[in-house]
Amino acid sequence: MLGESYPLRTLRSGLMPRALARALESDLALALGRGEIEVLYQPQFASIDGVMIGAEALARWQHPTLGEIGARDLFAIAEKAKLVAPVSRQIVAQALDQAASWPEHLRLSLNITPEEIAEKSFAQDFATNFGRSRIAPNRLTLEITEDVLLANLRLAGEALAALKKTGLRVALDDFGAGFCNFRYLKELPLDAIKLDRSMVIGISRDERDLAVLRAIVGLASALGLEVVAEGIETEAQRDVVVAEGCDYWQGFLRAEPMRNDEMLKLATA
């Protein structure tokens with residue numbers, strides 16, 4: 001996709017020409033008011049019966065000349081432009097508005113950025129915005145990554161604990177991609193962990209990879225946490241995560257990120 005072209009890939013490494021980087025930053029400020037930022041959804045499925053149980057909201061920027069820019073590049077640009085919070089708020093607002101009309105059995109998963117959770121008023125502001133929506137709290141999951149926690153574990157824990165009191169769920173995202181700090185599992189008010197794609201890519205052919213998966217699932221079970229496997233691209237991978245006790249899975253095997261209307265068609269098919 002154009003969103004993964006050379007100039008955009010180099011933005012995160014700081015190698016993009018300064019003029020182009022500044023142009024994209026200016027474009028992003030305008031894009032927020034032009035409706036160019038949209039939400040796609042990555043469907044999630046129950047291992048027990050394959051039924052779709054919800055979807056993760058993913059950001060896309062439909063740039064007028066570059067085409068579709070994915071979430072990683074979008075937020076790299078937003079970070080440079082100091083627009084992470086406004087971009088994230090717009091994405092969350094769109095997703096909550098659309099999810100309010102979903103069938104009641106479908107859950108919505110939202111990603112939280114380090115910039116957001118670093119704000120002392122994050123929990124209160126999010127609860128206020130969420131309160132305006134028409135989706136029940138138990139249908140919402142907040143996904144946090146290690147980057148969020150490294151910024152301030154105590155502050156993150158307090159914010160998540162406050163939000164959990166409203167009834168929403170919390171998942172530790174991209175588990176296995178970073179340091180796999182087990183302290184997070186002990187100290188944070190988690191409901192689930194999401195295995196990073198790197199943790200499942202070799203499980204159907206490598207005994208060591210399979211052993212690691214079994215150990216993580218066993219630990220999660222002992223802690224009363226659900227397990228979601230990300231990045232499932234083959235039937236063999238799906239069969240393994242189902243057999244080993246992962247509760248849910250998502251990936252290109254069944255569905256790529258899609259717009260709201262397409263996702264609803266899949267959910268009711």
Side-chain angles (χ1 to χ4, degrees), residues 1 3 28 31-32 35-46 52-62 68-78 83-117 122 125-127 129-145 147-148 160 163 166-174 191-197 226 228-232 248-252 254-267:
M1 292 185 296
L28 181 56
L32 289 169
E36 295 173 9
I37 309 299
E38 68 172 356
V39 180
L40 299 185
Y41 297 96
Q42 176 71 65
Q44 300 169 329
F45 305 94
M52 182 175 165
I53 55 91
E56 176 185 359
L58 302 172
R60 293 292 186 271
W61 178 7
Q62 298 300 336
E68 185 175 283
I69 297 176
R72 288 187 304 166
D73 290 317
L74 167 59
F75 278 98
I77 297 166
L83 290 172
V84 170
V87 169
S88 184
R89 282 195 293 267
Q90 187 170 111
I91 294 164
V92 168
Q94 284 188 50
L96 287 174
D97 182 62
Q98 293 177 341
S101 63
W102 292 1
E104 291 189 359
H105 71 280
L106 294 181
R107 303 175 187 169
L108 170 66
S109 293
L110 295 171
N111 295 283
I112 301 303
T113 67
E115 289 80 3
E116 290 175 289
I117 210 163
F122 167 71
D125 292 345
F126 188 91
N129 293 334
F130 176 71
R132 298 191 186 103
S133 71
R134 293 177 289 114
I135 180 172
N138 62 358
R139 294 174 56 205
L140 180 65
T141 300
L142 296 186
E143 298 188 4
I144 56 171
T145 62
D147 290 344
V148 170
L160 295 173
L163 288 171
T166 68
L168 56 75
R169 295 159 46 86
V170 178
L172 181 58
D173 196 11
D174 296 338
D191 297 285
I193 60 173
K194 293 189 71 178
L195 299 179
D196 184 70
R197 178 178 179 273
E226 294 180 337
V228 184
E230 295 185 277
I232 302 301
Y248 310 104
W249 62 273
Q250 64 185 69
F252 289 1
R254 183 84 176 271
E256 296 187 14
M258 58 186 64
R259 290 184 169 85
N260 185 58
D261 58 343
E262 298 170 320
M263 188 274 297
L264 289 175
K265 288 180 181 178
L266 179 63

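Below, all heavy atoms of this structure are taken into account, side chains as well, without hydrogens, waters or symmetry copies. Values in this document were obtained by computation on a predicted structure and should not be read as measured data.
The shortest side-chain heavy-atom distance between F126 and L168 falls under the 4.5 Å cut-off. Side-chain contact between F122 and L163 is present, with heavy atoms from C-beta onward closer than 4.5 Å. For the pair L28/L74, a side-chain contact is recorded, criterion being any heavy-atom separation below 4.5 Å from C-beta on.
With values rounded to the nearest 0.5 angstrom, I135 atom CD1 is found 11.0 Å from R107 atom CZ. Atom CG of D173 sits about 11.0 Å away from atom CD1 of I112, to the nearest 0.5 Å. The line from CD1 of I144 to CG of L172 is 5.5 Å long, rounded to the nearest 0.5 Å. In this structure, L140 CG and S109 OG are separated by 7.5 Å, a value rounded to the nearest 0.5 Å. Summarising the geometry, atom CD1 belonging to I77 is positioned 10.5 Å from atom CG belonging to L83; distances are rounded to the nearest 0.5 Å. With values rounded to the nearest 0.5 angstrom, N138 atom CG is found 10.0 Å from T166 atom OG1.
Between the side chain of D191 and the backbone N or O of V170 there is at least one donor-acceptor pair closer than 3.5 Å.
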Quick one: side chains of residues 85-97, donor-acceptor pairs under 3.5 Å with protein atoms, not counting sequence neighbours, listed by atom name and distance.
| unit_1 | atom_1 | unit_2 | atom_2 | d |
| --- | --- | --- | --- | --- |
| S88 | OG | E116 | OE1 | 2.8 |
| S88 | OG | E116 | OE2 | 2.8 |
| Q90 | NE2 | L32 | O | 2.9 |
| Q94 | NE2 | I37 | O | 2.7 |

Using distance only, find each side-chain donor-acceptor pair of residues 255-263 under 3.5 Å and give its atom names and separation, not counting sequence neighbours.
| unit_1 | atom_1 | unit_2 | atom_2 | d |
| --- | --- | --- | --- | --- |
| R259 | NE | E38 | OE1 | 3.4 |
| R259 | NH2 | E38 | OE2 | 3.1 |
| N260 | OD1 | W102 | NE1 | 2.8 |
| E262 | OE1 | R259 | N | 3.0 |

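For L266 against P43, the heavy-atom pair with the smallest separation is CD2-CG, 3.9 Å. Of all heavy-atom pairs between E230 and D196, the closest is OE1-CA, 4.2 Å. Taking every heavy atom of both residues into account, R60 and G70 meet most closely at CD-CA, 3.9 Å. P137 and F130 get closest at one heavy-atom pair: CA-CZ, 3.4 Å.
The list of salt bridge (Lys or Arg N to Asp or Glu O under 4.0 Å) pairs with a residue in residues 129-144, not counting sequence neighbours, reads E143-K194.
The ring pair (Phe, Tyr, Trp, His ring centres under 6.0 Å) check on F75 picks up nothing, with sequence neighbours excluded. Taking the side chain to side chain contact (heavy atoms under 4.5 Å, CB included) definition, one finds that R254 meets it with F45, W249, sequence neighbours left out. Under the ring pair (Phe, Tyr, Trp, His ring centres under 6.0 Å) criterion, Y248 pairs with no residue, sequence neighbours left out.
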